[in-house]
Amino acid sequence: MTRGCCIWLTGLSGAGKSTIAQVLAAHLIDAGRTVTLLDGDVVRTHLSRGLGFSKADRDANILRIAFVAAEIVRHGGIVVVAAVSPYEAARNQARDMIGHDGLVLVHVATPLAVCEQRDVKGLYARARRGEITGFTGVDDPYEPPASPDLALTTLDCDAVECARRIECVLEGRGFISRS
Ligand code: ADP
């Protein structure tokens with residue numbers, strides 16, 4: 001059986017997590033793997049419906065995602081998680097649940113100013129106007145991962161190249177074979 005793994009993308013809203021996750025998932029599916037995409041925005045509409053953005057709710061959201069991810073990895077699948085996951089402690093808990101060997105942590109480290117300029121969903125503008133409170137990067141903290149397996153600024157390369165860099169890590173760790 002092929003080894004399962006979880007590629008966990010963490011970073012600010014608008015950093016590029018979903019975009020990179022979609023490109024990566026498409027490549028891996030093309031390569032014949034079974035891939036599940038757990039996108040934070042989508043997860044919040046079902047698995048985590050009803051949860052808000054307090055620290056406790058954010059932690060609960062991450063632990064639910066980690067629970068599902070751990071099952072997928074255990075059964076040899078690939079799961080790509082795209083979630084802000086702002087707190088180091090919750091990410092470490094997720095790593096413990098999934099297993100250190102099966103997790104590839106990617107920090108999508110687009111600077112706040114760039115995310116805010118992109119403002120894909122108009123959320124930064126709303127947060128600056130005070131219409132949303134507790135927004136990560138504006139009035140809620142983002143704790144950068146202390147030791148990610150890979151960090152991508154997204155400034156020097158497009159989403160396809162970002163996905164390719166992740167695939168190199170997956171090859172190096174033996175999760176996928178060299179193409
Ligand atoms: P997130 O999921 O982190 O909230 P999204 O993927 O929804 O972010 O949005 C990121 C935006 O940044 C998209 O409009 C995307 O086209 C753009 N973008 C520009 N450069 C990159 C890159 N190198 N990687 C990913 N997204 C990028």
Side-chain angles (χ1 to χ4, degrees), residues 6-30 35-49 51-55 57-66 68-69 72 78-88 90-91 94-95 103-129 131-146 148-171:
C6 171
I7 301 104
W8 190 296
L9 307 176
T10 172
L12 295 168
S13 176
K17 303 179 297 297
S18 300
T19 307
I20 295 167
Q22 280 162 21
V23 173
L24 177 65
H27 284 182
L28 295 171
I29 289 167
D30 280 350
V35 181
T36 303
L37 183 55
L38 295 177
D39 187 288
D41 288 343
V42 181
V43 164
R44 279 182 172 279
T45 68
H46 44 80
L47 183 66
S48 290
R49 190 167 55 204
L51 293 182
F53 291 87
S54 66
K55 182 166 186 311
D57 278 7
R58 284 175 186 268
D59 286 348
N61 178 46
I62 294 312
L63 295 185
R64 287 183 194 181
I65 293 172
V68 177
I72 293 166
I78 295 182
V79 53
V80 184
V81 175
V84 177
S85 38
Y87 301 122
E88 179 85 341
R91 288 192 303 261
R95 167 167 281 167
L103 183 73
V104 175
L105 181 66
V106 180
H107 182 197
V108 184
T110 312
L112 174 64
V114 175
C115 296
E116 191 156 359
Q117 200 186 357
R118 288 180 187 162
D119 208 3
V120 198
K121 299 160 211 156
L123 294 175
Y124 285 96
R126 291 184 59 200
R128 292 292 179 199
R129 287 198 298 267
E131 293 168 14
I132 306 172
T133 55
F135 192 70
T136 303
V138 176
D139 58 351
D140 216 58
Y142 178 79
E143 300 171 0
D149 295 290
L150 183 67
L152 302 164
T153 66
T154 76
L155 301 177
D156 55 342
C157 63
D158 63 12
V160 172
E161 172 62 16
C162 290
R164 201 196 59 78
R165 290 187 191 178
I166 297 172
E167 286 158 37
C168 283
V169 174
L170 297 177
E171 287 171 4

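Order of listing sets the numbers, starting from 1, for every ligand and every atom in it.
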>> Can you give me the closest heavy-atom contact between Gly52 and Asp57, atom names plus distance?
In response: N-OD2, 2.7 Å
>> Less than 3.5 Å apart, any donor N or O on the side chain of Arg58 or Ser85 sitting next to an acceptor on the other?
In response: no
> Regarding Tyr124 and Ser13, is there a side-chain donor-to-acceptor distance under 3.5 Å anywhere?
Replying inline: no
> Should we count CD of Glu131 as having more than 12 external heavy atoms under 6.0 Å?
Replying inline: yes
> So does Arg95 pair up with Asp149, basic N to acidic O under 4.0 Å?
Replying inline: yes
Please tabulate, one line per pair, the protein nitrogen or oxygen atoms found under 3.5 angstrom from a nitrogen or oxygen of ligand 1, with distances to 0.1 Å, or say none if there are no such pairs.
| from | atom 1 | to | atom 2 | distance (Å) |
| --- | --- | --- | --- | --- |
| ligand 1 | 2 (O) | Ser18 | N | 2.8 |
| ligand 1 | 2 (O) | Ser18 | OG | 2.8 |
| ligand 1 | 3 (O) | Ala15 | N | 3.1 |
| ligand 1 | 3 (O) | Gly16 | N | 2.9 |
| ligand 1 | 3 (O) | Lys17 | N | 2.9 |
| ligand 1 | 3 (O) | Lys17 | NZ | 2.7 |
| ligand 1 | 4 (O) | Gly14 | N | 2.7 |
| ligand 1 | 4 (O) | Lys121 | NZ | 3.1 |
| ligand 1 | 6 (O) | Ser18 | N | 3.4 |
| ligand 1 | 6 (O) | Thr19 | N | 2.9 |
| ligand 1 | 6 (O) | Thr19 | OG1 | 2.5 |
| ligand 1 | 8 (O) | Gly16 | N | 3.1 |
| ligand 1 | 12 (O) | Arg118 | NE | 3.4 |
| ligand 1 | 12 (O) | Arg118 | NH1 | 3.1 |
| ligand 1 | 20 (N) | Arg118 | NH2 | 3.3 |
| ligand 1 | 23 (N) | Thr154 | O | 3.4 |
| ligand 1 | 23 (N) | Cys157 | O | 2.6 |
| ligand 1 | 23 (N) | Ala159 | N | 3.4 |

> Are any of the side-chain nitrogens in Glu88 or Arg91 under 4.0 Å away from the carboxylate oxygens of its partner?
Replying inline: yes
